[in-house]
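Next up is a structure, given as structure tokens.
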Amino acid sequence: MQLRAYLGLIRSLAIYYNPLRRRQLRAFYGGLLQPGDLAFDIGAHVGSRARAMRAAGARVVACEPQEPFAGFLRRSLPRDIVLVQQAIGPTETVARMAVSSLHPTVSSLSTSFAAEAAAAPGFEHVRWDRSQEVRMTTMDALIAAHGLPDFVKIDVEGFELDVLSGLGQPLPMLSVEYLPAFRDRTLAVIDRLQDLGLYRFNPVTGEAGGFLWDDWRDADAVRAWLKGLDPQGGSGDLYARLA
């Protein structure tokens, strides 16, 4: 099982440290963040986005509980990136993560995500073959320790709403991964954000490296866009900023 976990790590490194992808991320975050901004990377995985945020001049806190990725980040991240080896969720507790050794990007703390994903388009080849116990803290606790972030990236495979459940104040800007096959989860995230403050939205499709729309649109517009997506379509990131 350990061999499979390390094969998953190698696979992720090959995907996320692709030179073209790295250049796109650096250019994108360079236009999004200002030097000195504070950024949280929730679900840092192999650290490619944390590094791109740092390259933009941001102060970065990277959260990653999953091994062997947390160990890789401990050894490889620049010393000025703060690594928090914990999951972020609704409460401070110990939780169990469903892990896919060979496809670790879809490992999840959501108790229902793995079961739903097994029958979803694009997940036919994925197996959640083990579990890992992880420590969990909340977004509010993370903010108390490090300050209110200017930007938060959340990529936690169906656990995004749980992350935001541990947040008691609006964030200036954040992003969440969306999956067309699980649009109801993203719609629930939009509802949660609207409870916290008045947000406007803009998607980035796949690894496009730029926003889909020329303008930032309201919650109703992004809900309609999500509902119109092909359930078999690819994933992306939905960005939200306070109006």
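In this text the structure is predicted, and so the values were computed from the model without any measurement.
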Original post:
Rounded to the nearest 0.5 Å, how far does CG of Leu229 lie from OG of Ser235?
Top reply: 11.0 Å

Original post:
Does a side-chain N-to-carboxylate-O contact under 4.0 Å join Arg54 and Asp80?
Top reply: yes

Subject >> Arg217 NZ/CZ over Trp225 ring centroid, <6.0 Å and within 45° of normal >> reply: no

**OP:** Could you tell me whether Arg96 atom CZ has more than 12 heavy atoms of other residues or ligands within 6.0 Å of it?
**Re:** yes

Original post:
Do the side chains of Ser107 and Glu157 get nearer than 4.5 Å, heavy atoms only?
Top reply: no

Original post:
Is a side-chain donor or acceptor of Asp150 paired with a backbone partner of Asp37 at a separation under 3.5 angstrom?
Top reply: no

Original post:
Rounded to the nearest 0.5 Å, how far apart are CG of Leu226 and CZ of Arg183?
Top reply: 7.5 Å

**OP:** Look at the side chain of Gln194 and the backbone N and O of Tyr199, then say whether any donor-acceptor pair between them is shorter than 3.5 Å.
**Re:** yes

Subject >> Side-chain touch Leu148/Leu38, heavy atoms, less than 4.5 angstrom >> reply: no

**OP:** Decide yes or no on side-chain hydrogen bond (donor to acceptor under 3.5 Å, both in side chains) for Ser112 and Arg185, but give the supporting numbers first.
**Re:** CA-CA 11 Å; Ser112 59; Arg185 291 177 181 263; 2.8 Å; yes

Original post:
Taking C-beta and beyond as the side chain, do Leu142 and Val84 meet within less than 4.5 Å on heavy atoms?
Top reply: yes

Original post:
Under 6.0 Å between the ring centres of Phe201 and Phe211?
Top reply: no

Original post:
Is Arg59 reaching over with its side chain to a backbone N or O of Gly36, donor-acceptor style, under 3.5 angstrom?
Top reply: yes

**OP:** Please check if the side chain of Gln132 supplies one atom and the backbone of Pro65 the other of a donor-acceptor pair under 3.5 Å.
**Re:** yes

Subject >> Whether Lys153 side chain and Gly43 backbone form a donor-acceptor pair below 3.5 Å >> reply: yes

**OP:** Mind listing the closest non-hydrogen atom pair of Leu164 and Val189 along with its distance?
**Re:** CD1-CG1, 3.7 Å

Subject >> N/O donor-acceptor pair under 3.5 Å between Asp41 side chain and Ala50 backbone >> reply: yes

Subject >> Note, Phe151 side chain near Phe40 side chain (heavy atom, < 4.5 Å) >> reply: no

Original post:
Between Ser108 (side chain) and Ser110 (backbone), is there a donor-acceptor pair under 3.5 Å?
Top reply: yes

**OP:** Flag the pair Pro90 / Thr138 as yes when at least one side-chain heavy-atom distance between them is below 4.5 Å, and no otherwise.
**Re:** no

**OP:** Report the distance from atom CG of Leu242 to atom CG of Leu171, rounding to the nearest 0.5 Å.
**Re:** 8.0 Å

Subject >> Heavy-atom check, side chain of Leu174 versus side chain of Ile154, under 4.5 Å >> reply: yes

**OP:** Test Glu67 against Gln85 for side-chain hydrogen bond (donor to acceptor under 3.5 Å, both in side chains), laying out the working first.
**Re:** CA-CA 9 Å; Glu67 291 291 359; Gln85 193 174 335; 2.9 Å; yes

**OP:** Grab the two heavy atoms, one from Tyr239 and one from Leu32, that are nearest each other, plus how far apart they are.
**Re:** CE2-CD2, 3.8 Å

Original post:
For the hydrophobic clusters of this structure (ILVMFWY residues joined by side-chain heavy atoms under 4.5 Å, transitively), does one cluster hold both Leu196 and Trp216?
Top reply: no

**OP:** Please tell me if the side chains of Met136 and Glu92 come closer than 4.5 Å, counting only heavy atoms from C-beta onward.
**Re:** no

Original post:
Are the side chain of Gln24 and the backbone of Arg22 linked by a donor-acceptor contact shorter than 3.5 Å?
Top reply: no

Subject >> Arg200/Asp218 salt bridge by N-O under 4.0 Å criterion >> reply: no

Original post:
Does Asp191 come within less than 4.0 Å of Arg223, counting only side-chain N to carboxylate O?
Top reply: yes

Original post:
Are Tyr29 and Arg49 close enough that a side-chain donor and a side-chain acceptor fall under 3.5 Å?
Top reply: yes

Original post:
Taking C-beta and beyond as the side chain, do Val204 and Phe28 meet within less than 4.5 Å on heavy atoms?
Top reply: yes

**OP:** Determine yes or no for a side-chain-to-main-chain donor-acceptor pair under 3.5 angstrom, with Arg75 supplying the side chain and Gly71 the backbone.
**Re:** yes

